[in-house]
Amino acid sequence: MRRVLWKNARLATLAGREPWGWVEQGALLTEGLTIAWVGPQAGLPAGLQFDEEHDLEGAVVTPGLIDCHTHLVYGGQRAREFELRLQGASYEEIARAGGGIRSSVAATRETDEELLFQLAAARLQSLKAEGLTTVEIKSGYGLSLEAEAKSLRVARRLGREAGVDVLASYLGAHAVPPEFQGRQDEYVEAVCAWMPQLQAQGLVDAVDAFCEGIGFTPEQTRRVFETARRLGLPVKLHAEQLSDQGGTQLACEFKALSCDHLEHLSPAGVLAMAQSGAVAVLLPGAYYFLRDTHLPPIQALREAGVPMAVSTDHNPGTSPTLSILLMLNMACTLFRLTPEEALRGLTVNAAKALGLADRGQLALGQRADFCVWDVSHPNELSYYFGRNPLLLRVRGGIESRP
């Protein structure tokens, strides 16, 4: 098994009690897919054997970045809706007029699987170039059994061919498609009926839903989650983005991995998350793009000890960003996270939001997923915007350059 020594590094391990898990003069030893040793370079074992050595010349090393909430697979784009919102139309008004998610559904259904893959692979490449090593991709722009399966197959193929670990989430309960107009409960029944079929094809790692006034009620969401629980699938939820529906408390009943958005999260929702261990996934790109003014309760989450992750929420309607580094800056400037909290949000807490315990930190036995940066301190990653200081991306011990 290939053993590689990475020396003369400034390590932000995000492990241990030191701020940033900082090691000023550090080294890493990777053995195949995993980290076999990490710590102060002066503490390297005598007579250490390795096949290859890299001198990082004082560069900063962090865990690989993890984007735990994306909608990367879809057809078309929605630049016209962006223009309409600037002219005064609200997101809800556009959705109720047949735009929004439904317009992306129409485009996704019309786009063949190969083209969907090519489009998503190009988007993913932009994220990889900024240090992405693991990503979650949701369905939800198909809203039929055939189109949802098509989208999830594309996500699986990306995981095989695009050089990024991909987890696929089934988001059939994203919106009601036109053929089920006025029959929302019947559509929820269909979403539940499709779930075991998609799972049997090996396409589903988790189940998501959009619990909102323009989405699905808590009662309908409960039916989706009950089906997921019977199948042994973990759940997560788009919760409290536009209003407080109590979806967070519902999700926590089902031991959700995460509750995402949370601009209108109540004190009861914060308490439920603290008690259940769910991760709060903050999505500053959507907050920015929708020109929202209702901040998530960051201080309440912080005081309650709720882990906070950060994600791009890449999607065609409300967060068409393809810069994961920009999310670090936005999380700090818009949500007032500290630079360390923001980086933890794209690493260790993002891993928790996906139920992954083998990545997100630089520690013994963790996956050898890390990034080498041309900065003097990791706080520069959230300080700059419009600059990509990535020198090297390592995934499973295999290095690549942006």
Visitor: Would you find more than 12 non-hydrogen atoms of other residues, nucleotides or ligands less than 6.0 Å from Glu114 atom CD?
Guide: yes
Visitor: Grab the two heavy atoms, one from Leu48 and one from Arg3, that are nearest each other, plus how far apart they are.
Guide: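 Looking at all heavy atoms of both residues, the closest pair is CD1-NH2, 3.6 Å.
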Visitor: Measure up the His261 and His238 rings against each other and bin them: parallel (under 30°), tilted (30 to 60°), perpendicular (over 60°).
Guide: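 His261 vs His238 ring planes: tilted.
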Visitor: So, do Arg222 and Phe254 sit near enough that their side-chain heavy atoms are less than 4.5 Å apart?
Guide: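 They are in side-chain contact.
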Visitor: Answer whether the closest heavy-atom distance between the side chains of Asn8 and Glu57 falls below 4.5 Å.
Guide: no
Visitor: Should we say atom CZ of Phe50 is surrounded by more than 12 heavy atoms from elsewhere, each under 6.0 Å from it?
Guide: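 It does: Phe50 CZ has more than 12 such atoms within range.
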Visitor: Roughly how far, to the nearest 0.5 Å, is the CG atom of Leu152 from the CD atom of Gln199?
Guide: 12.0 Å
Visitor: Do Gln275 and Cys252 make a side-chain contact, defined as non-hydrogen atoms from C-beta onward lying under 4.5 Å apart?
Guide: no
Visitor: Does the Arg359 side chain pair with the main chain of Arg367, one donor and one acceptor, at a distance under 3.5 Å?
Guide: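 Checked: no pair found.
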Visitor: Does Gln25 reach the main-chain N or O of Gln41 with its side chain, forming a donor-acceptor pair under 3.5 Å?
Guide: no
Visitor: Go through the side-chain N and O atoms of His314 and Tyr74 and say whether any donor and acceptor fall under 3.5 Å apart.
Guide: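 Looking only at side-chain atoms, Tyr74 and His314 do form a donor-acceptor pair, the distance falling under 3.5 Å.
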Visitor: Sort out for me which residue in Asp205, Asp208, Asp67 forms a salt bridge (charged side-chain N to carboxylate O under 4.0 Å, His left out) with Lys138.
Guide: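 Option passing the salt bridge (charged side-chain N to carboxylate O under 4.0 Å, His left out) with Lys138: Asp208.
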Visitor: Walk me through whether Glu130 and Leu65 qualify under side-chain contact (heavy atoms from CB on, under 4.5 Å).
Guide: CA-CA 8 Å; Glu130 292 189 351; Leu65 303 187; 5.5 Å; no
Visitor: List the atom of Glu136, the atom of His69, and the distance in Å for their closest heavy-atom pair.
Guide: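 Smallest interatomic distance, heavy atoms only, reads OE1-CA, 3.3 Å.
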Visitor: Between Arg395 and Asp165, does any side-chain N to carboxylate O distance fall below 4.0 Å?
Guide: yes
Visitor: Evaluate the side-chain contact (heavy atoms from CB on, under 4.5 Å) criterion for residues Phe289 and Asp313: first the C-alpha distance (whole Å), next the side-chain angles of each, then the deciding distance (0.1 Å), finally the verdict.
Guide: CA-CA 11 Å; Phe289 197 73; Asp313 186 22; over 6 Å; no
Visitor: Just by modelled atom types, is the Ser90 backbone N or O under 3.5 Å from a matching donor or acceptor in the Arg85 side chain?
Guide: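 A pair under 3.5 Å: no.
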Visitor: Does NZ or CZ of Arg223 come closer than 6.0 Å to the centre of the six-membered ring of Phe216, within 45° of the ring's axis?
Guide: no
Visitor: Nearest 0.5 Å, what's the CG-CG distance between Leu265 and Asp244?
Guide: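 Here the rounded value is 7.5 Å.
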Visitor: How long is the straight-line distance from SG of Cys211 back to CD of Glu219, given to the nearest 0.5 Å?
Guide: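 Reported value, rounded in 0.5 Å steps: 8.5 Å.
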Visitor: Which pair of non-hydrogen atoms, one from Leu390 and one from Gly131, has the smallest distance, and what is that distance?
Guide: CD2-N, 3.5 Å
Visitor: Write down the atom of Ala239, the atom of Thr248, and the distance for their closest heavy-atom approach.
Guide: CB-OG1, 3.5 Å
Visitor: Give a yes or no on whether the backbone of Gly75 and the side-chain of Thr108 come within a donor-acceptor separation of less than 3.5 Å.
Guide: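 Checking the backbone N and O of Gly75 against the side chain of Thr108, a donor-acceptor pair under 3.5 Å is found.
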Visitor: I'd like to check Leu250 versus Thr221 (side-chain heavy atoms, cut-off strictly below 4.5 Å). Are they in contact?
Guide: yes
Visitor: Is the ring pair His54/Trp6 parallel, tilted or perpendicular, if the boundaries are 30 and 60 degrees?
Guide: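 Rings of His54 and Trp6: parallel, as their planes differ by under 30°.
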Visitor: Could you please spell out the steps behind the side-chain contact (heavy atoms from CB on, under 4.5 Å) verdict for Val310 and Glu341?
Guide: CA-CA 9 Å; Val310 175; Glu341 285 176 327; over 6 Å; no
Visitor: Report the C-alpha separation of Ser243 and Glu212 in whole Å, then their side-chain angles, then the decisive distance to 0.1 Å, and conclude whether the side-chain hydrogen bond (donor to acceptor under 3.5 Å, both in side chains) test is met.
Guide: CA-CA 7 Å; Ser243 61; Glu212 190 53 73; 2.3 Å; yes
Visitor: I'd like to know if Glu113 and Arg156 make a salt bridge, using a cut-off of under 4.0 Å between side-chain N and carboxylate O.
Guide: no
Visitor: Mark yes or no for whether Tyr187, through its side chain, and Glu179, through its backbone, hold a donor-acceptor pair below 3.5 Å.
Guide: no
Visitor: Return the minimal non-hydrogen interatomic distance between Asp292 and Glu263, and the atom names on each side.
Guide: OD2-CG, 3.6 Å
Visitor: Are any non-hydrogen side-chain atoms of Tyr170 and Val191 less than 4.5 angstrom apart?
Guide: yes
Visitor: Mind checking the CG-CG spacing from Leu343 to Leu14? Nearest 0.5 Å is all I need.
Guide: 5.0 Å
Visitor: So does Val279 get a backbone contact from the side chain of Lys236, meaning a donor-acceptor N/O pair under 3.5 Å?
Guide: no
Visitor: Check Pro63 against Thr13 and note the closest heavy-atom contact, atom names and distance.
Guide: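 Minimum heavy-atom separation between Pro63 and Thr13: CG-O, 4.1 Å.
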Visitor: Any heavy-atom pair between the side chains of Leu132 and Leu124 that's under 4.5 Å?
Guide: yes
Visitor: Go through it in stages, so that I can follow the logic: the residues are Glu240 and Gln245, the test is side-chain contact (heavy atoms from CB on, under 4.5 Å), and I'd like the CA-CA distance, side-chain angles, deciding distance and then a yes or no.
Guide: CA-CA 6 Å; Glu240 298 16 307; Gln245 299 287 318; 3.9 Å; yes
Visitor: Should Ser311 and Met327 count as side-chain neighbours, where that means a heavy-atom distance under 4.5 Å?
Guide: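 A side-chain contact under 4.5 Å is absent here.
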Visitor: Take atom CD in Glu18; do more than 12 heavy atoms of anything else shown fall under 6.0 Å from it?
Guide: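 Open: at most 12 neighbouring heavy atoms sit under 6.0 Å from CD of Glu18.
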Visitor: Ignoring hydrogens and angles, tell me if any N or O in the side chain of Lys352 forms a donor-acceptor pair with the backbone of Gly360 under 3.5 Å.
Guide: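 Not confirmed, Lys352 side chain does not pair with Gly360 backbone.
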Visitor: Does any part of the side chain of Met195, heavy atoms only, come nearer than 4.5 Å to the side chain of Leu233, both counted from C-beta?
Guide: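 Contact flag for Leu233/Met195 side chains = yes.
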Visitor: In sequence, state the C-alpha distance, the side-chain angles, and the governing distance for Arg102 and Glu81, and then conclude on salt bridge (Lys or Arg N to Asp or Glu O under 4.0 Å).
Guide: CA-CA 12 Å; Arg102 283 191 177 184; Glu81 291 179 17; over 6 Å; no
Visitor: To the nearest 0.5 Å, what is the distance between CD on Gln366 and OG1 on Thr34?
Guide: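 The OG1 atom of Thr34 is 10.0 Å from CD of Gln366, to the nearest 0.5 Å.
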Visitor: Are Gln249 and Glu253 linked by a side-chain donor-acceptor pair shorter than 3.5 Å?
Guide: no
Visitor: Decide, yes or no, whether a salt bridge links Glu24 with Arg10 under the criterion of side-chain N to carboxylate O below 4.0 Å.
Guide: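 Here Glu24 pairs with Arg10 in a salt bridge, since their nearest N and O are under 4.0 Å apart.
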Visitor: Is the backbone N or O of Ser323 less than 3.5 Å from a side-chain atom of Thr321, with the two atoms forming a donor-acceptor pair by type?
Guide: yes
Visitor: Can you measure from CG (Leu171) to CG (Leu143) and round to the nearest 0.5 angstrom?
Guide: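 Those atoms lie 8.0 Å apart.
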Visitor: Are Gln197 and Gln201 close enough, and set up right, to give a side-chain hydrogen bond (donor to acceptor under 3.5 Å, both in side chains), and what steps lead you there?
Guide: CA-CA 7 Å; Gln197 299 178 61; Gln201 297 174 49; 5.8 Å; no
